[in-house]
Chemist: 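Pasting a structure below so you can have a look.
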Amino acid sequence: MGFPETFKALSDPVRREILLMLRGGRMSAGDIAGKFDSSAATISYHLSLLKKAGLVFETRYKNYVFYDLNTSVFEELMLWLSQFKEAQS
């Protein structure tokens with residue numbers, strides 16, 4: 001995971017909405033796509049970028065693809081961002 005990929009992934013509101021949806025737990029790609037008016041291919045692209053950035057895990061079961069948050073990347077990002085708060089103190 002690199003910060004450029006992470007920030008690119010976080011820059012899009014659809015990807016941020018997907019991440020918020022995944023706070024509730026694992027979701028299938030179809031369930032995620034069903035929450036948006038975009039095509040399944042567009043949502044697949046967004047999920048691919050989130051996966052490339054390491055923000056989500058992908059697991060497969062039979063014909064289904066499921067996504068979960070990768071909280072370790074969020075923790076690393078929060079640690080990095082916290083240095084700016086400390087600089088103001």
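These numbers come from the heavy atoms of this one structure, side chains and all, not from hydrogens, waters or symmetry mates.
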Chemist: Not counting sequence neighbours, which residues clear side chain to side chain contact (heavy atoms under 4.5 Å, CB included) with Tyr64? List them please.
Modeler: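 Once residues adjacent in sequence are excluded, the partners of Tyr64 under the side chain to side chain contact (heavy atoms under 4.5 Å, CB included) criterion are Phe66.
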Chemist: Hydrophobic cluster membership, with links at side-chain heavy-atom distances under 4.5 Å among I/L/V/M/F/W/Y: are Phe3 and Leu81 in one?
Modeler: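 Yes, because Phe3 and Leu81 connect within a single hydrophobic cluster, where side-chain heavy atoms sit under 4.5 Å apart.
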Chemist: Test question: given the 4.5 Å side-chain rule for I, L, V, M, F, W and Y, name all other residues clustered with Leu20, or answer none.
Modeler: none
Chemist: Spell out, yes or no, whether Val73 and Leu19 are grouped together once hydrophobic residues are joined by side-chain heavy atoms under 4.5 Å, including indirect joins.
Modeler: yes
Chemist: Group every Ile, Leu, Val, Met, Phe, Trp and Tyr by side-chain heavy-atom contacts under 4.5 Å, then state whether Phe84 and Phe7 land in the same group.
Modeler: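 Per the 4.5 Å side-chain linkage, Phe84 and Phe7 are co-clustered.
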Chemist: Under a 4.5 Å cut-off applied to non-hydrogen side-chain atoms, are Leu10 and Leu77 in contact?
Modeler: yes
Chemist: Closest approach of Leu79 and Ser82, non-hydrogen atoms and distance?
Modeler: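 Closest heavy-atom pair between Leu79 and Ser82: O-OG, 2.7 Å.
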Chemist: Once rounded to the nearest 0.5 Å, what's the spacing between atom CG of Leu69 and atom CG of Leu22?
Modeler: 5.0 Å
Chemist: Compare every heavy atom of Leu55 with every heavy atom of Ala9, then report the nearest pair and how far apart it is.
Modeler: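 Closest approach of Ala9 to Leu55, heavy atoms only: CB-CD1, 3.8 Å.
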Chemist: Under the side chain to side chain donor-acceptor pair (under 3.5 Å) test, which residues partner Ser11, sequence neighbours left out?
Modeler: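 Checked Ser11 against side chain to side chain donor-acceptor pair (under 3.5 Å); zero matches.
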Chemist: Does anything in residues 34-45 pair up under salt bridge (charged side-chain N to carboxylate O under 4.0 Å, His left out), and if so which pairs, sequence neighbours excluded?
Modeler: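 For residues 34-45, and leaving out neighbouring residues, there are no salt bridge (charged side-chain N to carboxylate O under 4.0 Å, His left out) pairs at all.
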Chemist: Less than 3.5 Å apart, which donor and acceptor atoms pair up between the side chains of residues 41-51 and the rest of the protein, not counting sequence neighbours?
Modeler:
| residue | atom | partner | partner atom | Å |
| --- | --- | --- | --- | --- |
| Thr42 | OG1 | Ser39 | OG | 2.9 |
| His46 | ND1 | Arg15 | NH1 | 2.9 |
| Lys51 | NZ | Glu58 | OE2 | 3.2 |

Chemist: Please tell me whether Phe57 and Ile32 are part of a single hydrophobic cluster in this structure, the criterion being side-chain heavy atoms less than 4.5 Å apart.
Modeler: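 Per the 4.5 Å side-chain linkage, Phe57 and Ile32 are not co-clustered.
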Chemist: Would you say Val65 ends up clustered with Met27 if hydrophobic residues are merged whenever their side chains have heavy atoms under 4.5 Å apart, either directly or through other cluster members?
Modeler: yes
Chemist: Just jot down the salt bridge (Lys or Arg N to Asp or Glu O under 4.0 Å) partners of Arg26, sequence neighbours excluded, or say none.
Modeler: Asp68
